[in-house]
Amino acid sequence: MAEAVILAVDNGGTNTRIARGGENIDQIEAYPTPRNYDQAVGRIAATARVVLGGKRPDAVGFSVAGKVEDGRIVSAGQLQEYGWTNRSFAADVAEELGVSPDRVVLLNDCAAGANAERAARQPKEGESGAFMVLSTGFGGALYTNNELIADEPGHHFLKPGAVCGDGEDGHMEAHISGSGMERKFSLPDERTNGHSFLLNDDPRWREVRADFHESMASTLTRYEGDLGMTLQTIGFTGAVALRGPDLLGGLQRDL
């Protein structure tokens, strides 16, 4: 039997990454996510042909920076601002790639990451963990040995003084995410390198770091109170989490 040709796509609000799926990822094509929906769908298909050497995929897996239902993005921070929500995303991509829509699977990016963490870590009965993404937005998902639990930590209230991408004042995402910092601090939008970032010696990082730590403490308290879950492991990815000056090391010490 021939090996299945699987296309893996990480579709973020800032950058898109495309690779052929498998045990090892050898080639990743990355580019700034087009704001125009139709251009973005076309770019995915064109890049897929390069990554797959012209082969048609047998299946396509998407991790998307937003909430997804029935092949559509129903809510998202940056992608929602671009007008991507409630479009037939899976079907449109399938048509461009020449495959059946039932071969295209959309997952929230945090749910996809949490599922991978669960498979890798094999939590025992009663153990739980979370996978968090702090990048253009702030998202997360929890996992146990037999369950995934979706969450949107970034859309919970932290403090007033910054407007979130969903238009609400004071959400965590408005204070600590890349898009939130752009709005809050009036940073220029540098599309050639994703979102603009504060320089590491910028004193405003102290405020972002404190808000990030407070956001995580509040989120963990909510998990304990609402879900009865005390996490053993928290995994992070995302440009802000990884590029900010000692955000994760400082968080580990603070917690």
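These values consider heavy atoms only, across backbone and side chains, with no hydrogens, waters or symmetry-generated copies. Bear in mind that the values here come from a model prediction, so they are computed numbers and not experimental data.
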message: Please determine whether salt bridge (charged side-chain N to carboxylate O under 4.0 Å, His left out) holds for the pair R72 and D70, giving the CA-CA distance in whole Å, both sets of side-chain angles, and the decisive distance to 0.1 Å.
response: CA-CA 6 Å; R72 297 172 181 264; D70 300 323; over 6 Å; no
field: Side-chain donor/acceptor of S88 to backbone N/O of A91, under 3.5 Å
entry: no
field: I28 versus A19, closest heavy-atom pair with distance
entry: CG1-CB, 4.1 Å
message: Looking at N86 and V74, would you say the former's side chain and the latter's main chain have a donor-acceptor pair under 3.5 Å?
response: no
task: Give, for atom CE of M132 and atom CG of L248, the distance between the pair rounded to the nearest 0.5 Å.
output: 12.0 Å
H156 backbone acceptor or donor facing H171 side chain under 3.5 Å: no
query: Are F236 and F131 near enough that their ring centres are under 6.0 Å apart?
result: no
- prompt: Has Q27 got more than 12 heavy atoms of other residues, nucleotides or ligands less than 6.0 Å from its CD?
  reply: yes
statement: Heavy-atom closest pair (F138 atom, E173 atom, distance to 0.1 Å) is N-OE1, 3.1 Å
message: Atom CZ of residue position R209 - does it have more than 12 heavy atoms of other residues, nucleotides or ligands inside 6.0 Å?
response: yes
- prompt: What is the minimum heavy-atom distance between R243 and N200, and which atoms define it?
  reply: O-OD1, 3.6 Å
field: T33 (side chain) donor-acceptor with G12 (main chain) under 3.5 angstrom
entry: yes
query: Can you check whether R103's main-chain N or O pairs, donor with acceptor, with S100's side chain at less than 3.5 Å?
result: no
Donor-acceptor pair, side chain of N36 and main chain of D38, under 3.5 angstrom: yes
query: From L198 CG over to M181 CE, what is the distance, rounded to the nearest 0.5 angstrom?
result: 5.5 Å
- prompt: Counting only heavy atoms not in K55, do more than 12 fall under 6.0 Å of its NZ?
  reply: no
Connected via hydrophobic side-chain network under 4.5 Å: I25 and I44: no
query: Stepwise, does the side chain to side chain contact (heavy atoms under 4.5 Å, CB included) test hold for V60 with I6?
result: CA-CA 6 Å; V60 185; I6 301 173; over 6 Å; no
field: Donor on one side chain, acceptor on other, Y82 and Q78, under 3.5 Å
entry: yes
task: State, with a plain yes or no, whether a side-chain heavy atom of R43 is found less than 4.5 Å away from one of T47.
output: yes
task: Check the surroundings of atom CZ in R222: do more than 12 heavy atoms from other residues, nucleotides or ligands lie under 6.0 Å from it?
output: yes
query: Run the side chain to side chain contact (heavy atoms under 4.5 Å, CB included) check on L220 and L255 step by step: do they pass?
result: CA-CA 10 Å; L220 295 178; L255 292 176; 4.1 Å; yes
field: Residue pair D10 / S63, side-chain donor-acceptor N/O under 3.5 Å
entry: yes
- request: Check whether V133 and Y223 end up in the same hydrophobic cluster, where Ile, Leu, Val, Met, Phe, Trp and Tyr are linked by side-chain heavy atoms less than 4.5 Å apart.
  value: no
query: Which atoms form the tightest heavy-atom contact between A94 and V104, and what is the distance?
result: CB-CG2, 3.9 Å
field: E95, CD: over 12 other non-hydrogen atoms inside 6.0 angstrom
entry: no
message: Go through it in stages, so that I can follow the logic: the residues are K184 and H175, the test is side-chain hydrogen bond (donor to acceptor under 3.5 Å, both in side chains), and I'd like the CA-CA distance, side-chain angles, deciding distance and then a yes or no.
response: CA-CA 7 Å; K184 182 176 180 178; H175 293 281; 2.9 Å; yes
